[in-house]
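So that the names make sense, note that chain A is the first sequence line, chain B the second, and so on, each numbered from 1.
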Protein chains: 6
Amino acid sequence: MLLHLCSWPEVEDYLGRSRGIIFPIGSTEQHGPTGLIGTDAICAEVVAKGVGEATDALVGPTINVGMALHHLSFPGSVSLRPSTLIALIQDYVKPLARHGFERFYFINGHGGNVASLKAAFSETYAAIADANLPNAGRIRCKVANWYQAKGVVELADKLYGNQEGSHATPSEVALTQFIYPEAIKTAPLSPQVAPTGRSIYNPTDFRAFYADGRMGSNPDLATPEHGKAFYETAVQSLSDGYLSFIKEV
Amino acid sequence: MLLHLCSWPEVEDYLGRSRGIIFPIGSTEQHGPTGLIGTDAICAEVVAKGVGEATDALVGPTINVGMALHHLSFPGSVSLRPSTLIALIQDYVKPLARHGFERFYFINGHGGNVASLKAAFSETYAAIADANLPNAGRIRCKVANWYQAKGVVELADKLYGNQEGSHATPSEVALTQFIYPEAIKTAPLSPQVAPTGRSIYNPTDFRAFYADGRMGSNPDLATPEHGKAFYETAVQSLSDGYLSFIKEV
Amino acid sequence: MLLHLCSWPEVEDYLGRSRGIIFPIGSTEQHGPTGLIGTDAICAEVVAKGVGEATDALVGPTINVGMALHHLSFPGSVSLRPSTLIALIQDYVKPLARHGFERFYFINGHGGNVASLKAAFSETYAAIADANLPNAGRIRCKVANWYQAKGVVELADKLYGNQEGSHATPSEVALTQFIYPEAIKTAPLSPQVAPTGRSIYNPTDFRAFYADGRMGSNPDLATPEHGKAFYETAVQSLSDGYLSFIKEV
Amino acid sequence: MLLHLCSWPEVEDYLGRSRGIIFPIGSTEQHGPTGLIGTDAICAEVVAKGVGEATDALVGPTINVGMALHHLSFPGSVSLRPSTLIALIQDYVKPLARHGFERFYFINGHGGNVASLKAAFSETYAAIADANLPNAGRIRCKVANWYQAKGVVELADKLYGNQEGSHATPSEVALTQFIYPEAIKTAPLSPQVAPTGRSIYNPTDFRAFYADGRMGSNPDLATPEHGKAFYETAVQSLSDGYLSFIKEV
Amino acid sequence: MLLHLCSWPEVEDYLGRSRGIIFPIGSTEQHGPTGLIGTDAICAEVVAKGVGEATDALVGPTINVGMALHHLSFPGSVSLRPSTLIALIQDYVKPLARHGFERFYFINGHGGNVASLKAAFSETYAAIADANLPNAGRIRCKVANWYQAKGVVELADKLYGNQEGSHATPSEVALTQFIYPEAIKTAPLSPQVAPTGRSIYNPTDFRAFYADGRMGSNPDLATPEHGKAFYETAVQSLSDGYLSFIKEV
Amino acid sequence: MLLHLCSWPEVEDYLGRSRGIIFPIGSTEQHGPTGLIGTDAICAEVVAKGVGEATDALVGPTINVGMALHHLSFPGSVSLRPSTLIALIQDYVKPLARHGFERFYFINGHGGNVASLKAAFSETYAAIADANLPNAGRIRCKVANWYQAKGVVELADKLYGNQEGSHATPSEVALTQFIYPEAIKTAPLSPQVAPTGRSIYNPTDFRAFYADGRMGSNPDLATPEHGKAFYETAVQSLSDGYLSFIKEV
């Protein structure tokens, strides 16, 4: 059930039976020579829609641009500053909390979002307390990373071993290939498996070390069929996660 | 050409032939008893994609949540505060300006965004000047409202006359029906044509006057076929607009 | 009745009979080779005082510096950033709302203020709701541009036709000549009628196209007598506007 | 020389002979049962104009609303938050610094502004350094309180002794009487000399202790003739101060 | 070498031989019925001093208050909002980067700080890039949690097994006992081992589930002797970590 | 009684007998060729601890970095921007006010903090009022400068006369020598007594005039014995000040 395809009376009805809502959050950032700039948003969105269908949950619009400041040395990458993302999350959560929503489940496609999201949740609780919302003590936000969901990590390990890496990974590339087979790209990868092991600092430093944008990965291993398996595994796992979250006392 | 379906080297190539980029911006807000909460985002996105195809322009991800504070008394409506939207626009434009983009064309589906967008453009120019970007003097942002595009207003007037109204209009509803025929909704409208004429103030006041969320409109007049006509008209008109914008000396 | 010339018990008395207040808002920005940098503030202030007298309304102090970032390439121009203006409007409105004021009428002399003002109104309503002011649902802010008031546009058109332009216009220059005849300036204008038609982007771009600061205008047509007529027309028109606003249910 | 009555070429000329500018800053706050709400702005403005005439200095528009949060329990009082005032001062100083101004002299009428102004100056220097303005190291801001100017304190002491107090003082009331004799007000003062000695905390506490808004003062002692003497003394003293400031190496 | 005990010429000398600096960061928050409110700051500070001595590194002053919003339902707990911490880290790093420091090592005592710190690092890099610092591309910040340092986790596991828990842990209590034996507290713990397993949301929810503030821990197991062992292990491990960090190419 | 060495139940007990808390606030900034960078924090902290012991008051953790933007041209100096300090003070005071604290006494070691602290207090009262804390009207914050305490100024004058100066003074250096005799430094001072009389503007200007960082002082006059006398005098004086503050009706 997509918020964007509901009318407001349908949302009012939904609130009669559930206090939960899902928001996909991705990023708009380089994913190596062959990965899509929208990879993280595409993956988060499709998994969130799947979870929404499986659990009869309302799914809000995708947060397409996340916290990707370290990728900004590559053309086409965009990022919110963490302080902007903190303000944005408040702006999403506060009015919905006034409407009666109390459980906010963010299905996330980008590791770089996690820290800022957690910071945003804390600041949002404080803002809601300051505004004296009657349900302030019941508001809960959670981030769930599809790429770390139960089963997904195991599948990636089985399929790709130590060529999964941590950015522009074959698993996320596979999932985008499943969704957009028409957008599968090829380009020479050199080295075939990207370097790894360097911490992430500023964008200049990032590009100096991770020259083509990948981190430890060999995205050539990805196939659309793998993507289908990742999709199904992630949806199953995060559906369980969402249901646990909204049932939590 | 969708930014989300490009790799970063493709963006680099694109910059060799164009400095322009299009961002759809909508809203997540009530559109009356039968309109979709995502109406403004859906319309802006589909028109932007059409313009992108017609003009070989790069189209960024949709800004799904806009400035809709006055709609927040209706469940499911979400809004950025204007100051958040100002920060967000800076965060979108500044890195892309560093990459070489210089013309930012925002195809907009929501009247409530216009003021905050214009404020954001001004603040963004100032931030870019303060950061001493070499192309600071060449950065230009423009908002183009699809619902006010040449031909669209005339078509709405012809089809709906004074039942077009200004919110949850049959024209925008028609466009969403064309895109999502499976999400066409019916509900009794009372009165059939919504009231009009009251200025917009705070959300409590808004709902007191515009009780079901519509403003002056009769969305029952909408059909998917109308939507197709609006789509084609808007794409044609804004394609011209975009091409003029990027050619402007 | 000027707030600055009242004592606080007089304001308390006033609140017993009215909930309305008027704020003039102008700008401090270049107005071409012969226009005054204070034009917009001077015009807004004098019209607001006239409206205050005609309607027994309280008139607050003039907001002398507005949103004029695009004029900053001309010496002597000053501007608030939109985000600063948003904060400022909150700071003006919130305490007065606590005192019992509920209708805030901003008489405006500068087109560049409008977008930021509207954004500010929205953000102010939200801040007041968050602070749980008991009259939050009754607070209303409105911007009224004297230069677009009923009768003013017609008069400008009659007197100046297509030499009115849109910045450093003969109508606003005339009004300042009426107020400050001792400050009438002359300088060669070249071309006599300024260029027009270019959108407003960043200040560098603005000055490159609008080389002496004027937009489409021929301020040499202005006379103090015209100014008197503009003054009287604007006061009449905005007095009606203010009275409608405070009577609005 | 008033900035508001100049054209931009006149400012350009002025910059050929001086780098200094004066800004009056006041407040919009209660001044007891008989004092004007605009007292601090009125006094700062008139003194600044006098100093401008005496020293051939450019005088910018008055900052009418200052930092008066502690007065907000009295109707008609308005205040910027300190953080807003900090943003505002940056917005005033930064563009003028780009134009070539380097000495900013704030003639102040309100004790409550001083802390926030000093904070603002510091933050402004930092912002200008971050923006890499070529003259960043030469920008200097100074606040000069007319009520503490050389000669003014002595005159107040001679005329009023310990009935001068520290808010709604006879000296400032006298100065407004000199400027606006038509706005002289009378009302019973009880006690005749207001209480004193309590520190300033929040606005609730302020009004609980300083019940009619005055602090230690007996404004009934004021006369327009005194006001004239204060005016002349302040202008003389701050003219010296301004000239020293702009000559300082 | 403590920054607070240096003169500025000594810092200038230090910069001739190193570009690294260490900042301890803790928190001021409840640590159960017997743990010290300053636990996280005390631990971070003492470990940082030990690392500074072992590696000849400069150690800055302790950030005593961190991000502990979820603890605020317990008296005496204080917290920066994440957005404040982000601003603070910028303010610490930017001037030191101008002086020539390039490696910032934050020794952290509080899990709740990690997300906000990482967000802060990203935002700081962006601010430094916007300010065009010449060494912007070389600035690197890293957070090192003493309680997760190599050897520390193993020692805690060996000493406390599954009674270590995750807040008010015996390991951190032991370290404070080693430093402040005079401040060892006793109180009945009920249950002896605190509950565990609930995610952290808002402070009301936190206290409802974690009634005495502990999470999964049995701090009665702590001894000052254990604390000494934790201290030595952490210093050894983080000294290695710091040296690797500053040597990193 | 140090907050950092208390458990939360001890704070709860304390609130049963007192509503007051003390926070030391210092700075991390150059203090001339021989003064410690931590001078202001060290002095504020030790005096605050002494006052806490003498008055049975709770003492919070030291704010080690203050508002020292004007010192940033000297290596090792760090500063919060005023707007950051304003946010920080809110973050300290608001949760403690929720717990029941109502009197916040900031023992300060740095003149540069005073303006920003006062601004912060005002903004904090406003934020607490907006959040509708039940004790909003009773929250009071006060800054007490140890170096201006009764007896301290007299002692400095007696010991050093006009060689006390205003930065890197012998009195503050003496106090640090008393606390850290092992960190007494010597270096040639040239001139022996630092220059004086120049206002403080931006950091470039500051260092140009105050070349070694001192202002008007001769810190060679300091001795640890003097420091002991300053300590005792300041503790006595500020203990009286604190007790008056918390007894104030």
Side-chain angles (χ1 to χ4, degrees), chain A residues 2-12 14-15 26 28-39 41-42 58 60-65 69 71-81 83-85 87-88 90-92 95-96 98-101 176 180 182-183 185 187 203 212-213, chain B residues 2-12 14-15 26 28-39 41-42 58 60-65 69 71-81 83-85 87-88 90-92 95-96 98-101 176 180 182-183 185 187 203 212-213:
Chain A
L2 299 182
L3 178 60
H4 266 204
L5 298 187
C6 292
S7 67
W8 71 260
E10 289 171 336
V11 175
E12 199 164 60
Y14 175 85
L15 279 164
T28 296
E29 67 182 47
Q30 67 81 16
H31 274 76
T34 58
L36 308 184
I37 283 178
T39 295
I42 291 164
L58 194 61
T62 303
I63 302 170
N64 285 305
V65 173
L69 288 172
H71 291 292
L72 292 185
S73 293
F74 293 89
S77 298
V78 186
S79 176
L80 301 182
R81 283 165 291 173
S83 56
T84 305
L85 187 55
L88 180 147
Q90 280 186 57
D91 288 357
Y92 277 47
L96 293 170
R98 288 192 198 271
H99 302 152
F101 288 94
T176 63
Y180 289 108
E182 71 276 20
K185 298 177 199 301
D212 73 3
Chain B
L2 300 182
L3 178 60
H4 266 204
L5 299 187
C6 293
S7 66
W8 71 259
E10 289 171 336
V11 175
E12 200 164 63
Y14 175 86
L15 279 164
T28 296
E29 67 183 43
Q30 67 81 18
H31 274 77
T34 57
L36 307 184
I37 283 178
T39 296
I42 292 163
L58 194 61
T62 303
I63 302 170
N64 285 304
V65 173
L69 288 173
H71 291 292
L72 291 187
S73 293
F74 293 88
S77 298
V78 187
S79 176
L80 301 182
R81 284 166 291 173
S83 56
T84 306
L85 187 55
L88 180 147
Q90 280 185 56
D91 289 356
Y92 276 49
L96 293 170
R98 288 192 198 272
H99 302 154
F101 288 95
T176 62
Y180 291 106
E182 71 277 19
K185 296 176 202 300
D212 73 2

- Message: Could you work out, with side chain to side chain contact (heavy atoms under 4.5 Å, CB included) as the rule, every residue matching Leu15(A), not counting sequence neighbours?
- Response: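 Testing Leu15(A) for side chain to side chain contact (heavy atoms under 4.5 Å, CB included), a comparison that skips the adjacent residues, returns Val11(A), Arg19(A), His99(A), Phe101(A), Pro75(B).
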
Looking at [X] and [Y], what are the two nearest heavy atoms and their distance?
X        : Y        : value
Ala87(A) : Thr84(B) : CB-OG1, 3.7 Å
Pro9(A)  : Gly32(B) : CD-O, 4.3 Å
Val65(B) : Tyr92(A) : CG2-OH, 3.3 Å
Thr62(A) : Asn64(B) : O-ND2, 3.0 Å
Asp91(B) : Val78(A) : O-CG1, 3.7 Å
Ser79(B) : Pro95(A) : N-CG, 4.5 Å

Under 4.5 Å from any heavy atom of chain B, what part of [X] do you find: side chain, backbone, both or neither?
X        : answer
Phe74(A) : both
Glu29(A) : neither
Ile42(A) : side chain

- Query: To the nearest 0.5 Å, what is the distance between CG (Leu36(B)) and OG (Ser7(A))?
  - Reply: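 Going from the CG atom of Leu36(B) to the OG atom of Ser7(A) covers 8.0 Å.
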
Name the option with the most non-hydrogen atom pairs under 4.5 Å to chain A; the candidates are [options].
options                                 : result
His31(B), Gln30(B), Gln90(B), Arg81(B)  : Arg81(B)
Gly35(B), Ser73(B), Pro203(B), Gly76(B) : Gly76(B)
Thr39(B), Leu88(B), Thr176(B), Leu5(B)  : Leu5(B)
Ala183(B), Cys6(B), Gly60(B), Pro61(B)  : Cys6(B)
Thr34(B), Asp212(B), Leu80(B)           : Leu80(B)

- Query: Who pairs with Thr28(A) by side chain to side chain donor-acceptor pair (under 3.5 Å), at least two apart in sequence or on another chain?
  - Reply: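 Applying side chain to side chain donor-acceptor pair (under 3.5 Å) to Thr28(A) gives His4(B).
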
